[in-house]
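The structure under discussion appears below in the form of structure tokens.
First listed ligand is number 1; within each ligand, the first listed atom is number 1.
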Amino acid sequence: MKRKSGFIILFIICAAAGFYLFNSAPKQSTGTGGVTFSHYVHTKQHNIKCKTCHQNVETEERAGIPTIETCSLCHSEIINPNSAEEKKITEYVTNNKPLLWLNYYTVPDYVYFSHRRHVKIGKLDCALCHGDMTEQKSKELNNYKPILMATCFDCHKQRNITTDCGNCHH
Ligand code: HEC
Ligand code: HEC
Ligand code: HEC
Ligand code: HEC
Ligand code: HEC
């Protein structure tokens, strides 16, 4: 009982903090850069798998946003000499310059979420939570789907997965 009320008080505090943190998305990640990244070109036109770039998506909590090392797997040489955008990324790779991406999808620290659990064990499709990323043509995610507690809750209820508070909160 004592533990439970402590938990609820902690929530109220975290909730206020979390509200501001969560609603200030997108956040910036590492480096600097001005390359336009297209999911459409990579995943739809060239059939590259999500986990080629989001390398931890089946093994860890965070999927991971790729760094310049990942791009260098394919862009150390020009693939299509007519593409100005591709020329830019090849220059970044050659000079090993870091890239700057925005991080739209985050949950507050008091929420526990694991990609491995949902993608590898639960076998859920990325699109259920992120929409159809294969249509994204720029790094501004125009199909960004906010991650709300209600979204987590609804799916868990539908699929008979526990909705105990302590399951997602710690
Ligand atoms: C060739 C590398 C590459 C592949 C393949 C790739 N991505 Fe990405 N992804 C990126 C990069 C770079 C970013 C950051 C820039 C951006 O948001 O466009 C990103 C960002 C994202 C984000 C937004 C993350 C955030 O918090 O802002 C999601 C969601 C995502 N990818 C899902 C997918 C899915 C689903 C697939 C497969 C259908 C996929 N990606 C395939 C490179 C890739
Ligand atoms: C598995 C191989 C692979 C990886 C990894 C990869 N790319 Fe590509 N990329 C391609 C291919 C194939 C094309 C298409 C070439 C063409 O026809 O222009 C391409 C094209 C591009 C273009 C030009 C097309 C456009 O959008 O106009 C950019 C920019 C680009 N990639 C950025 C990146 C970045 C940034 C990363 C790292 C986050 C990355 N790529 C990782 C294979 C890859
Ligand atoms: C059940 C919902 C769900 C599914 C399915 C899902 N994601 Fe996510 N994704 C999230 C949530 C929630 C976050 C925020 C996680 C955090 O802040 O720890 C996120 C964040 C991300 C990010 C940004 C930062 C990071 O490192 O985690 C990327 C990239 C991403 N997801 C890619 C993918 C890819 C690729 C797939 C499919 C292979 C996928 N996700 C499947 C819910 C999901
Ligand atoms: C589209 C459906 C869906 C959504 C959305 C979803 N989940 Fe899940 N979740 C599942 C499934 C299915 C499992 C069970 C995976 C397995 O173990 O087979 C699961 C399992 C879990 C578990 C482990 C449960 C246990 O038994 O210990 C946690 C924690 C969890 N989810 C948190 C979250 C959080 C936090 C969110 C929102 C950010 C979320 N989930 C959104 C479908 C979903
Ligand atoms: C399936 C996962 C899941 C379960 C179960 C869950 N939550 Fe949440 N909760 C979340 C996520 C994700 C967020 C952050 C996103 C948001 O604010 O909607 C959140 C946010 C919150 C917040 C902050 C809300 C705000 O507006 O800032 C409170 C308070 C909260 N949860 C309380 C609870 C309580 C109490 C329970 C048990 C009845 C519970 N949660 C069960 C996933 C879950």
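At a heavy-atom distance under 4.0 Å, atoms from both the backbone and the side chain of N167 approach ligand 4. Looking at V111 against ligand 4, only its side chain comes within 4.0 Å, counting heavy atoms. Residue contacts with ligand 2 for C71 involve both N, CA, C or O and side-chain atoms from C-beta outward (heavy atoms, distance under 4.0 Å). With a 4.0 Å cut-off on non-hydrogen atoms, I68 does not touch ligand 2 at all. When non-hydrogen atoms are compared, ligand 3 lies under 4.0 Å from the side chain of H115 (C-beta onward) but not from its backbone. Within the 4.0 Å heavy-atom criterion, the part of W101 lying near ligand 2 is the side chain and not the backbone. Neither the backbone nor the side chain of M149 comes within contact range of ligand 4; no heavy atom lies under 4.0 Å.
Looking from atom 7 (N) of ligand 2 to the surrounding protein, the closest heavy atom is H75 NE2, 2.7 Å. The shortest contact between atom 22 (C) of ligand 3 and any protein heavy atom is with A63 CB, 4.2 Å. Summary of contacts: the protein heavy atom closest to atom 26 (O) of ligand 3 is G64 N, 2.7 Å. Looking from atom 23 (C) of ligand 3 to the surrounding protein, the closest heavy atom is N103 ND2, 3.8 Å. The protein heavy atom nearest to atom 27 (O) of ligand 2 is E85 CB, 3.6 Å. In terms of protein heavy atoms, atom 11 (C) of ligand 2 is closest to I79 CD1, 3.6 Å. Atom 42 (C) of ligand 3 has as its closest protein heavy atom F113 CZ, 3.4 Å. The protein non-hydrogen atom at the shortest distance from atom 12 (C) of ligand 3 is I147 CD1, 3.6 Å. Of the protein's heavy atoms, I161 CD1, 3.6 Å lies nearest to atom 13 (C) of ligand 4. Of the protein's heavy atoms, C74 SG, 2.6 Å lies nearest to atom 3 (C) of ligand 2. What sits closest to atom 37 (C) of ligand 3 on the protein, heavy atoms only, is C126 SG, 1.8 Å. Annotation: atom 28 (C) of ligand 2 to nearest protein heavy atom, I89 CG2, 3.8 Å. Residue, atom and distance of the protein heavy atom nearest to atom 35 (C) of ligand 4 are Y112 O, 3.4 Å. Among all non-hydrogen protein atoms, the one lying nearest atom 17 (O) of ligand 3 is V107 N, 2.8 Å. Ranking the protein heavy atoms by distance from atom 38 (C) of ligand 4 puts C152 SG, 2.8 Å first. Of all protein heavy atoms, the one closest to atom 18 (O) of ligand 4 is I121 CG2, 3.7 Å. Among protein heavy atoms, the minimum distance from atom 14 (C) of ligand 2 is reached at H46 NE2, 3.3 Å.
Set against the non-hydrogen atoms of D125, the atoms of ligand 3 under 4.0 Å away are 5 (C). Within ligand 2, counting atoms from 1 as listed, the ones closer than 4.0 Å to a heavy atom of V35 are 29 (C). Atoms of ligand 3 lying under 4.0 Å from any heavy atom of C129, numbered from 1 in the order shown and given with element: 1 (C), 2 (C), 3 (C), 4 (C), 5 (C), 42 (C), 43 (C). Residue contact check: T70 has heavy atoms under 4.0 Å from atoms 5 (C) of ligand 2. Which parts of ligand 2 touch T36 is read off a 4.0 Å heavy-atom cut-off, strictly below it: atoms 29 (C). Interface atoms of ligand 3 facing C50, defined by a heavy-atom separation under 4.0 Å, are 35 (C). Of all the atoms in ligand 4, the ones that sit under 4.0 Å from a non-hydrogen atom of T151 are 5 (C). Near N80, meaning under 4.0 Å from one of its heavy atoms, ligand 2 places the atoms 16 (C), 17 (O), 18 (O). Every atom of ligand 3 is numbered from 1 in the order shown, and the set under 4.0 Å from a heavy atom of H118 is 1 (C). Close approach of ligand 2 to S38 (heavy-atom distance below 4.0 Å) involves ligand atoms 26 (O).
With distances taken over non-hydrogen atoms, the option nearest atom 43 (C) of ligand 4 out of K120, R117, H156 is H156. Between the choices K139, E86, H42, the shortest heavy-atom distance to atom 31 (N) of ligand 2 belongs to H42. In this structure, of H54, H130, R62, the residue bringing a heavy atom nearest to atom 33 (C) of ligand 3 is H130. The nearest non-hydrogen atom to atom 24 (C) of ligand 2, considering only I78, V41, N47, comes from V41. Looking at A150, C168, A127 and measuring to atom 32 (C) of ligand 4, the nearest heavy atom belongs to C168.
Contacts of F113 classified as ring-ring contact (aromatic ring centres under 6.0 Å, His included), with partners at least two apart in sequence or in another chain: H115, H118.
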Item to check | Residues V35, E85; criterion side chain to side chain contact (heavy atoms under 4.5 Å, CB included); working and verdict | outcome: CA-CA 7 Å; V35 175; E85 275 302 318; 4.3 Å; yes
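A ring-centre distance under 6.0 Å is found for H42 and F37.
Note that CD of E135 is 8.0 Å distant from OG1 of T43, once rounded to the nearest 0.5 Å.
Atom NZ of K88 has more than 12 neighbouring heavy atoms from other residues, nucleotides or ligands inside a 6.0 Å radius. Within 6.0 Å of atom NZ in K51, 12 or fewer heavy atoms from other residues, nucleotides or ligands are found, so the atom counts as exposed in its surroundings.
Among all heavy-atom pairs drawn from I79 and C74, the shortest one is CD1-O, 3.9 Å.
Backbone or side-chain N, O or S atoms of C155 do not reach atom 8 (Fe) of ligand 4 at under 2.8 Å.
The hydrophobic clustering, which links ILVMFWY residues whose side-chain heavy atoms are closer than 4.5 Å, places I147 and M133 together.
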